[in-house]
Protein chains: 2
Amino acid sequence: MKTKERIISAALLLFNEQGEANVTTNHIAANLGISPGNLYYHFRNKNDIIHCIFLQYRDHLRQSFTPIEGPASSAVWIHYLDAIFYVMWEFRFFYANLNDILQRDSELHRQYLEVQQELTINLQLLLRELNRQQVLMIPDDEVDDLTEVLKMLVSFWVSYQSAQSLNPKISQSVLYKGVSRVLLVLKPYFHLEHGSELANLMAHYQALAATPSDPFHK
Amino acid sequence: MKTKERIISAALLLFNEQGEANVTTNHIAANLGISPGNLYYHFRNKNDIIHCIFLQYRDHLRQSFTPIEGPASSAVWIHYLDAIFYVMWEFRFFYANLNDILQRDSELHRQYLEVQQELTINLQLLLRELNRQQVLMIPDDEVDDLTEVLKMLVSFWVSYQSAQSLNPKISQSVLYKGVSRVLLVLKPYFHLEHGSELANLMAHYQALAATPSDPFHK
């Protein structure tokens, strides 16, 4: 891995573990055993590093929330729901502090809004396709508002959990709980025929949410 | 109004209009035409003022989200939904910056968690009573999780809206949109018999959300 990539990857790890506000460029350099000067050769400042992490976030959203191809099987649901989990987990420092990070960097905020706009359109298409396949039965004039509720739920789940405890610990199980809340909001719209599939999905994510420790590390 | 109350009331107004982070105790004193010394006679610091505003927030939650008495008419629904709007509007500075404010004051955070716990229990009782009256039909084992989704939606609607624009303006119509999202999440659980009542409620709050200006001031 090149130095620039090593810096991005160490920064992401430190931001997620210690909170972005508590990590300076000096911490990142020290963590990698490189000099601050070396870090500044690659990045002007911390925001510059955050921009690069943001590009990873954007790529993940673009690659994961593409339209469905073929029938919506359980595997397809797991693909999208796991992608929600992954983005919340991998970029949890970003969600934990979203408004602060966006407010201090209007260029980043502008790019964030662009990506959100794309994502909104993709999610609306996805729900309409699930309607068309008669997996979901969302009234057509409610698809856009429901998409917004789901986006909001995912975007602020980490913040909500942080407010709910004096010593919040954003563990994987907390985030799987968020994923199962997405399913809960969609549950009333599932076609009866897909009831057992839904029940299996709910059970799958509730089991992951009930796992106290984080069994795997990337 | 006594000086202490005037300070609390001016601080709330300034926090809401300019954002809590941008308002100092000196701004508050200047706004009232009193000396900083006079303000410090009543409050040790800004957090001390925020504590007093928090007590108003707590009182509002305690008074507004009490259990239903009698049958759940449209008037009852409007009571609760207007109370949601009121708390989001009246304390919007708090919601705009919830995690920052809580993280820097663990005593406030502790009291916040106490109030949230009370509120959660009251909302669960409320949904169960609406189930009992056959207005809603929420599966009993989903009441608690659905309560959490609704609480989260209300608590982070202001933050979500702030992230969604480069120059966010938290207007009353934006918050009424939040109220209509609460109805949207509950809509699938409404008993068919109450369909027209629900449609009227939806139309009422969607009309308020579509009003571009803020027609009234408290």
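Every chain is numbered from 1, with letters handed out A, B, ... down the list of sequences.
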### Query
Side chain, backbone, both or neither: which part of B:Leu98 has an atom under 4.5 Å from a heavy atom of chain A?
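The answer is the side chain of B:Leu98.
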### Query
Non-hydrogen atoms of chain A under 4.5 Å away: do they reach the side chain of B:Leu113, the backbone, both or neither?
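Only the side chain of B:Leu113 comes within 4.5 Å of chain A.
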Cross-chain donor-acceptor list, chain B x chain A, under 3.5 angstrom:
from     : atom 1 : to       : atom 2 : distance (Å)
B:Asn99  : ND2    : A:Ser159 : O      : 3.0
B:His109 : NE2    : A:Ala163 : O      : 2.9
B:His109 : NE2    : A:Ser165 : O      : 3.4
B:Glu142 : OE2    : A:Lys187 : NZ     : 2.4
B:Asp145 : OD1    : A:Arg181 : NH2    : 3.3
B:Glu148 : OE1    : A:Arg181 : NE     : 2.7
B:Glu148 : OE1    : A:Arg181 : NH2    : 2.8
B:Ser159 : O      : A:Asn99  : ND2    : 3.0
B:Ala163 : O      : A:His109 : NE2    : 2.9
B:Ser165 : O      : A:His109 : NE2    : 3.4
B:Arg181 : NE     : A:Glu148 : OE1    : 2.7
B:Arg181 : NH2    : A:Asp145 : OD1    : 3.3
B:Arg181 : NH2    : A:Glu148 : OE1    : 2.8
B:Lys187 : NZ     : A:Glu142 : OE2    : 2.4

### Query
Heavy-atom distance under 4.5 Å to chain B: side chain of A:Leu153, backbone, both or neither?
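The answer is both parts of A:Leu153.
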#### Entry: Residue, of B:Pro188, B:Ala163, B:Pro168, that accumulates the most heavy atom pairs under 4.5 Å with chain A
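The candidate making the most pairs under 4.5 Å is B:Ala163.
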